[in-house]
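Residue numbering restarts at 1 for every chain, and letters A, B, ... go by the order of the sequence lines.
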Amino acid sequence: MQFANLFLIRVLQTIVVIWVVVSIVFVVSRLIGNPETSLMPWDATNEDYERIREKLGLNDPMIVQYGKFLGDAVQGDLGFSYHRTGPAIDIVADKVLGTVKLTAAGLVVALGLGLPLGVFAALRRGSPMDWLARLIAVFGQATPSFWLGLMLIFFLATKVSWFPTAGSEGFRSLVLPAFALGLLSAAGFMRLTRSGMIDVMNTDFIRTARAKGLNERTVILRHGLRHALIPVMTILGIELGRLIAGSVIIEVVFSWPGIGRLMIESILQSDYPTVQAGLVVIAASITLGNLIVDMTYRVIDPRIRMAAL
Amino acid sequence: MAAHAEAAIEVEARRSQVRSYITRRYLLVLPPMLIMIAFLIFGIFADVIAPGDPGQTHLLSRLEAPVFSGGTSEFPLGTDHVGRDIWTRIVHGARVSLIVVAIVVPGAALFGTAVGMFAGWRGGIVGQLLMRYVDVQLALPAILFAVLLGSVLGASLRNVIIILLIWTWTVYARLIRAEVLSLKEREFVVASLAAGGSNWWIMRKQLLPNVFNTIVVIMTLEIPIVIVAEASLSFLGVGAPVEQATWGRMITEARNYLTHAWWVMWMPGLALMLVALSGNLVGDWLRDLLDPRLRNLG
């Protein structure tokens, strides 16, 4: 019952988030910007402008425009793209798979690099491995992702052509963007796993596990890591959001076909319906990702299952 | 007696351990500190250090190599695709970054702290709404809203500053609110309330001094974040106007010359990375020194 309530509250929160996003885009695009100027050729007359304003409903009072816009949005209609053909939401939907692929690959890099490095660093504190892990963490946290992407392109795509410089053909083209995207989160996971493991390995139940004669592997993985992973789970939702957000700039750097690149292009072309649709999809997926992580977390750790949000 | 002596030796050993840790920390933070100071000096005295015009093109010496890679001392760090001196542009780029940081970081701190204090102390419907807004904004990719706002407002330094203010104030608001909420329960605050202290007096004399360290730590940690954010906006083409030399724009423009003129991209990129890294290290150090509880905030 309580669990269901929590779930309901979170779903409501998600809806509020999306409403805020849609409203922000509405305010920014209609109140500050002029959608019609980007649509018209340079030699358009005043009558042409008047016609397009009438057609798009831009002459109605703001509040009427907002009501109509929200009504359409609730029905899943976010308008037609100004620059591409078709409904904005379909154009965005076309690119979802690209962003999902990139984000998933980024998460794989982040976890695949962060967890083992964190465990090794914790088990051999002060060793060269520990120093290497902490160095990677410091660099990962400080290097701007677009600059990291460009360095990767420079070294691994132009100096030695191991990977393509851009595009999305095959697995090899995914490696560099995934790495550029995932390193920041890997640094976060590494830090948390390391400190978590150091704490856990000093507890009594680890000593008991060893005293029982379990082999070290079981002690570390089944007893130690499982506990160290709890704090990692708490930031998984945040990191997922960061990865989705980070994919925007990585998509631009690597010309990766995804929502982020589509949106940057659309923003620069003042194609507001597409921008709106893209932001809604991204906001929805971030909050949804948070929701899933949050719920899984509650299932895994009973102590916080019933705790407040 | 022997046990006593042993304990004394142990305490002494522990002390020297702590001392050596502290010296090590200072030695480690010294180089990044110097880099940040250099960044400050470059930014302030850009006109003295690199007196030339950063936009000046030399069409006959395009893509000239830096002096350590076979170039001439006329262009110590080489030139870009239209023959602009990279050294001059980097120094003036530092000035742009510094201006942005100098306005955005204190501005966001002031506004965020005010909101956080209000929401933590008074709360109420307005406080709740403000914090919900903060949650929403922190959950969403700021870069997209920044680009949207940038494209609508147009490219100018003033707009970059407005965008980054909107982008960064929420961090302060959330953390300061959490701090104030816990301070509220403390005896000295409760006692002041009981003694009839006004809201304003308690906020100024008791809450603010107690959250001051937190504010300073976040401000320091925000410096590299703001620098990188400004560079990212310039990189995406919605930052400072074209005629302004910024590190982000220099990096974007250099992308096409990656293969045959590496320095055009590497010089501003290294400058950016060095400053971001140093800012982070100094921030980490200050946080451990002043407010270690902030450690797990990522």
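In this structure, no portion of B/Arg132 lies under 4.5 Å from any heavy atom of chain A. Interface residue A/Val275: only side-chain heavy atoms are found under 4.5 Å from chain B. Residue contact with chain A, scored on non-hydrogen atoms closer than 4.5 Å, involves the backbone and the side chain of B/Ala231 alike. Only the side chain of B/Thr259 comes within contact range of chain A, judged by heavy atoms closer than 4.5 Å. For A/Ile24, the part sitting under 4.5 Å from any heavy atom of chain B is the side chain, from C-beta outward, and nothing else. Of the two parts of B/Ile227, neither the backbone nor the side chain holds a non-hydrogen atom closer than 4.5 Å to a non-hydrogen atom of chain A. Both the backbone and the side chain of A/Val252 come within less than 4.5 Å of a heavy atom of chain B. Both the backbone and the side chain of A/Val253 come within less than 4.5 Å of a heavy atom of chain B. Contacts of B/Ile225 with chain A are absent, with no heavy-atom separation under 4.5 Å from either backbone or side chain.
Heavy-atom minimum distance, A/Leu279 versus B/Leu148: CD1-CD2, 4.3 Å. Closest heavy-atom contact between A/Trp147 and B/Met273: NE1-SD, 3.4 Å. Shown here for B/Ala276 and A/Ala142, the closest heavy-atom pair between the two residues is CB-O, 3.4 Å.
Taking the six-membered ring for Trp and thresholds of 30 and 60 degrees, B/Phe235 and A/Phe146 have nearly parallel ring planes, at less than 30 degrees apart.
Taking NE2 of B/His260 as the start and OG1 of A/Thr158 as the end, the distance is 11.5 Å to the nearest 0.5 Å. Note that CG of B/Leu258 is 7.0 Å distant from CD1 of A/Ile153, once rounded to the nearest 0.5 Å. One distance of note links CD1 of A/Ile249 with CG of B/Leu236; it measures 4.5 Å at 0.5 Å rounding.
Counted within 6.0 Å of CD1 on B/Ile125, heavy atoms from surrounding residues, nucleotides or ligands total 12 or fewer; the atom is thus considered open. More than 12 non-hydrogen atoms from other residues, nucleotides or ligands lie less than 6.0 angstrom from CH2 of B/Trp285.
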May I have the step-by-step check of side chain to side chain contact (heavy atoms under 4.5 Å, CB included) for A/Leu150 and B/Ile251, ending in yes or no? CA-CA 9 Å; A/Leu150 288 171; B/Ile251 294 172; 3.3 Å; yes
Please assess A/Ile264 against B/Val147 for the test side chain to side chain contact (heavy atoms under 4.5 Å, CB included), listing each intermediate value before the final yes or no. CA-CA 7 Å; A/Ile264 297 285; B/Val147 174; 3.8 Å; yes
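A heavy-atom distance below 4.5 Å is not found between the side chains of A/Thr143 and B/Leu277.
If you tally non-hydrogen atom pairs under 4.5 Å between each of B/Ser232, B/Ser278, B/Gly237 and chain A, the highest count goes to B/Ser232. With chain A as the partner, the residue from B/Asp135, B/Val136, B/Val238 showing the most heavy-atom pairs under 4.5 Å is B/Val136.
Looking at B/Asp284 and A/Arg191, a side-chain N of the basic residue comes within less than 4.0 Å of a carboxylate O on the acidic one, giving a salt bridge.
For an aromatic pair to be called close, the ring centres must be under 6.0 Å apart, and A/Phe155 with B/Trp266 satisfies this.
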